[in-house]
There are 2 protein chains.
Amino acid sequence: MTPAAPRDCAEASSTPKSRAPVSADIRLLGIATEHLARLGPKRVTVVAVAAEAGMTHANVYRYFPSKDALLDAVAGRWLRDVETRLAGIADAPDPADDKIERLLVALAALQRDALTSEPNLFAVHLDATVAARPIARRHRVRLRSLVERVVEEGITSGIFSARDRERAIAYIFDASYRFTHPLAIQHDADVPHDLIEARFGAVIHAIQRVLRAGVL
Amino acid sequence: MTPAAPRDCAEASSTPKSRAPVSADIRLLGIATEHLARLGPKRVTVVAVAAEAGMTHANVYRYFPSKDALLDAVAGRWLRDVETRLAGIADAPDPADDKIERLLVALAALQRDALTSEPNLFAVHLDATVAARPIARRHRVRLRSLVERVVEEGITSGIFSARDRERAIAYIFDASYRFTHPLAIQHDADVPHDLIEARFGAVIHAIQRVLRAGVL
DNA sequence: AAAATGACAGCTTTCGATTTCTGTCATTGC
DNA sequence: GCAATGACAGAAATCGAAAGCTGTCATTTT
């Protein structure tokens, strides 16, 4: 069962260029994504991923420096997708306070969705976050710059009146930590959504008030 | 080394009543506390605790229904101590907004101290919290009532003007989660204290403003 | 009757041996 | 010269057997 011969597979033949225009690293990423979803990070093996890609496991190391780097790359692709969606919110022509709300709500919702629909992917994300691995640090930096943009815009448009932008940004992340940090999201995975949303709503409302009042 | 014969021990002889006025359950609790600190929850054994108390392990089950219950009782004693210190703050004749600040700061500090000086005790506390075991739920209830008292007092004294008390209390816990929840405290165990305190200060300041403004 | 015990079943941990996996490298094929 | 490989060392997972621990209970002790 689960034959190891991918030769006659519909999407890729044994010769790399024949039908699939995807480069080897992207193909490996796709296979690793599927293995991760099915087996979890612990049971994913470089050997099996390589075999499904029709190559020796040694060759995988030409594209990814380690198994962890491969799994982080899988998570990284999802994180990029999350950031893209959030950027859509941050770039919309809405008032800054609305955008902060939508940004935080979306960040929480996307992660909750991942936790339920792709628990293994979420586990890698969580692990990378807790261990502060590069993939997570870079995600944080980009998240921060999204929030920064909105805060900046809020200040110049007069909606927000924070004195210290850095302080304001840190405050936004700290105050919303309860509902946006992967650790917290996993912790109340089985708390009813509407209960969470009600409480998150109160916190967001408070954040907006504080930013408008410029108490930082 | 570490002889297993507690007979000639200075604090307790083989006959329970001779010199030590502590009841058997308290003595077990003390021994378990020391074992936990030294070995960690995983390596504590009911057999060893019983042996040091001069009884058979089966007899321990007369006083504690399970090993986990014994360890939770050890953590529970510490939690009670924390609550007592916090009650001292809540009962002081200070303005309610000051008391909220001192309460939250003390809650964070006591846990950070425990994390460094009694990591195994903290581990049990954290585990009980994440698993929502009775010991942690009861602690949460008592913490909540402390905060409730202060909020109540703030409202009647006119310092706070929250409409919905329940909502205000939930908000306080949610907004301070980043700095008071054991999960978060463990997560940034190695972040410099002064950095944490600066950011916590901003969050507390915001909480006070929100409570005074009565935005909830 | 209350306190404690020995003996026991079942589960978990430990340990050592074996297999599998990760990561490296010299070499081959194109 | 780039892509890929086979072979290898060291680390880690796996497995089965042995040991230890948890929790229960009938019985003994006081």
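Letters go in sequence order (proteins before strands), and every chain restarts at 1. No hydrogens, no waters, no symmetry mates; every other heavy atom, side chains included, goes into these values.
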Under 4.0 Å between a side-chain N or O of A/Y63 and OP1 or OP2 of D/dA4? yes
For B/F179, all residues meeting ring-ring contact (aromatic ring centres under 6.0 Å, His included), sequence neighbours excluded: B/F200
For nucleotides 7-30 of chain C, 5' to 3', base contacts (B), sugar-phosphate-only contacts (S) and non-contacts (-) with protein non-hydrogen atoms under 4.0 Å give ------S--------BBBB-----
Quick one: B/R27 CZ to C/dA4 C1', roughly how many Å, whole number? 13 Å
Using whole Å, what does the distance between atom C1' of nucleotide C/dA3 and atom CZ of B/R62 come to? 5 Å
Which residues, if any, of residues 122-138 of chain A bring a heavy atom under 4.0 Å of DNA chain C? none
Taking only residues two or more places apart in sequence or in another chain, which ones pass salt bridge (charged side-chain N to carboxylate O under 4.0 Å, His left out) with B/R140? none
Quick one: list whatever passes side-chain contact (heavy atoms from CB on, under 4.5 Å) with A/E118, sequence neighbours left out. A/A37, A/L121
Run the salt bridge (charged side-chain N to carboxylate O under 4.0 Å, His left out) test against B/R133 and tell me which residues pass, sequence neighbours left out. B/D72, B/D127
Under 4.0 Å between a Lys/Arg side-chain N and an Asp/Glu carboxylate O for B/E153 and B/R149? no
Could you pull out all donor-acceptor pairs under 3.5 Å where a side-chain atom in residues 188-196 of chain A meets a protein atom, sequence neighbours excluded?
from	atom 1	to	atom 2	distance (Å)
A/D188	OD2	A/R178	NH1	2.6
A/D188	OD2	A/R178	NH2	3.4

So the ring-ring contact (aromatic ring centres under 6.0 Å, His included) pairs with at least one residue in residues 34-88 of chain B (sequence neighbours excluded) are B/W78-B/H125
Quick one: salt bridge (charged side-chain N to carboxylate O under 4.0 Å, His left out) partners of B/R144, sequence neighbours excluded? B/E166
To the nearest angstrom, how far is B/L28 atom CG from D/dT22 atom P? 13 Å
